[in-house]
Protein chains: 2
Amino acid sequence: MSEMVDHSVCGNPNAARAREVLDLVADKWSLYVIAKLGDGEQRFTELKRSVGGISQRMLTVTLRGLERDGLVTRTIYSAMPPNIAYRLTPLGATLVDATTPLVMWAIENLSSIDAARGRYDDDHVKEVRELNR
Amino acid sequence: MSEMVDHSVCGNPNAARAREVLDLVADKWSLYVIAKLGDGEQRFTELKRSVGGISQRMLTVTLRGLERDGLVTRTIYSAMPPNIAYRLTPLGATLVDATTPLVMWAIENLSSIDAARGRYDDDHVKEVRELNR
DNA sequence: CAGTATCCTAGCCGATACTG
DNA sequence: CAGTATCGGCTAGGATACTG
């Protein structure tokens, strides 16, 4: 059936709808929360500390979204004092696998990108200087 | 250099800085533009049409960001009439490879997520109904 | 065609305060 | 501890008009 792993991504009839999913997953926080949960079950405050920089509001919103989409489960161990654990579902675990290459890429190519930014910004500043002459 | 592919992602000292890169790449539009350019060189209007739903302003902003980070090149073939081609750099090409698993995941798991959303929303509505009784 | 320049607003998101 | 509720600022980003 005519292999088409990469080039057909755009031609796929589901591609348009896939954007809804990507929009969810590719937002500022979901990626990090998912990655952290990949290390195992975590409690709310634990997540908040380990993700770093996220507000409790955004953590709540993000977790509810992930729960709604069947990527994360919320288990109540005790109501008082509250002890609630978040954990990846099997589906969520496959998402971690899918995002890992991207995370690794970002870490590995950090310096290349920094360098490129420096060059671009230098050139741009130079142009502005020339205009001011 | 002590292998550490998955579990160490969070412990990596570069992980914090990696977020800057991920924040750039994992935004609403960059992912799609990069994916489209994976199919080969494209012109501005071509991109605008094929990405679909993106405003010319956002396409410009996105392309400048990708260019700044050394992921995309901008080649002027002709100034008047304007004929400008956008193309992935070698670095940009490696990014496509890194994002492909995520895009494929979204397409493959669309129905699972739809189903989960339906269940979650049903349950939630039910709870609200009980409160109103 | 390939942009730039402006204006304007929906909604994201942080800060803060309160609760079981 | 693990949230919910509310308010308000800010900005991402769309619409529109103009240009080389």
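In what follows, chains are A, B, ... by sequence order, proteins preceding strands, each numbered from 1. Because the structure is predicted, anything quoted here is derived from the model rather than measured. For the numbers below, each heavy atom of this structure counts, side chains included, while hydrogens, waters and symmetry mates do not.
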Specify the separation, in whole Å, of atom [atom1] of [X] and atom [atom2] of [N].
X: A:Arg43; N: D:dG3; atom1: CZ; atom2: P; result: 10 Å
X: B:Asn83; N: D:dG20; atom1: CG; atom2: P; result: 20 Å
X: B:Lys48; N: D:dA15; atom1: NZ; atom2: C1'; result: 11 Å
X: A:Met58; N: D:dC10; atom1: CE; atom2: C1'; result: 14 Å
X: B:Asp27; N: C:dC13; atom1: CG; atom2: P; result: 12 Å
X: B:Arg64; N: C:dG3; atom1: CZ; atom2: P; result: 5 Å
X: B:Phe44; N: D:dT19; atom1: CZ; atom2: P; result: 18 Å
X: A:Leu59; N: C:dC12; atom1: CG; atom2: P; result: 17 Å

Is there a donor-acceptor contact under 3.5 Å from the side chain of A:Lys48 to the main chain of A:Ile54?
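Yes; at least one donor-acceptor contact below 3.5 Å.
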Please round to the nearest 0.5 Å and tell me the distance separating atom CD1 of A:Ile84 and atom CZ of A:Phe44.
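Rounded to the nearest 0.5 Å, the CD1-CZ separation comes out at 9.5 Å.
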Identify which nucleotide among C:dG14, D:dG14, C:dT16 has an atom closest to any side-chain atom of A:Gln56, counting heavy atoms from C-beta outward.
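Of the options given, the side chain of A:Gln56 lies nearest C:dT16.
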Nearest of D:dT4, D:dG14, D:dG20 to any side-chain atom of A:Thr60?
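The answer is D:dT4.
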Assess the side chains of B:Ser30 and B:Asp27: does a donor N or O sit below 3.5 Å from an acceptor N or O?
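There is such a pair (donor and acceptor under 3.5 Å, judged by atom type) between the side chains of B:Ser30 and B:Asp27.
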Start at the 5' end of DNA chain C and walk down; is the nucleotide closest to A:Ala79 or to A:Trp29 reached first?
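That would be A:Trp29.
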Quick check: closest heavy atoms across A:Arg117 and B:Asp69, and the distance to 0.1 Å?
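Looks like NE-OD1, 2.6 Å.
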Does C:dA5 have a Watson-Crick or wobble mate here (both distances under 3.5 Å), and if so which one?
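By the stated definition (distances under 3.5 Å), D:dT16 pairs with C:dA5.
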Taking only the side-chain nitrogens and oxygens of B:Thr45, find out if one of them lies under 4.0 Å from OP1 or OP2 of C:dA2.
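Yes, within the criterion.
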Please determine whether a side-chain nitrogen or oxygen atom of B:Arg57 lies at a distance below 4.0 Å from atom OP1 or OP2 of C:dA5.
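No, no such contact exists.
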On the six-membered ring of B:Tyr86, is B:Arg43 placed so that its NZ or CZ lies under 6.0 angstrom from the centre and within 45° of the ring axis?
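Here B:Arg43 fails the 6.0 Å and 45° test against B:Tyr86.
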Looking across every strand, which nucleic acid part, if any, lies under 4.0 Å from B:Tyr86 by heavy atom: base, sugar-phosphate, or nothing?
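Contact class for B:Tyr86: sugar-phosphate only.
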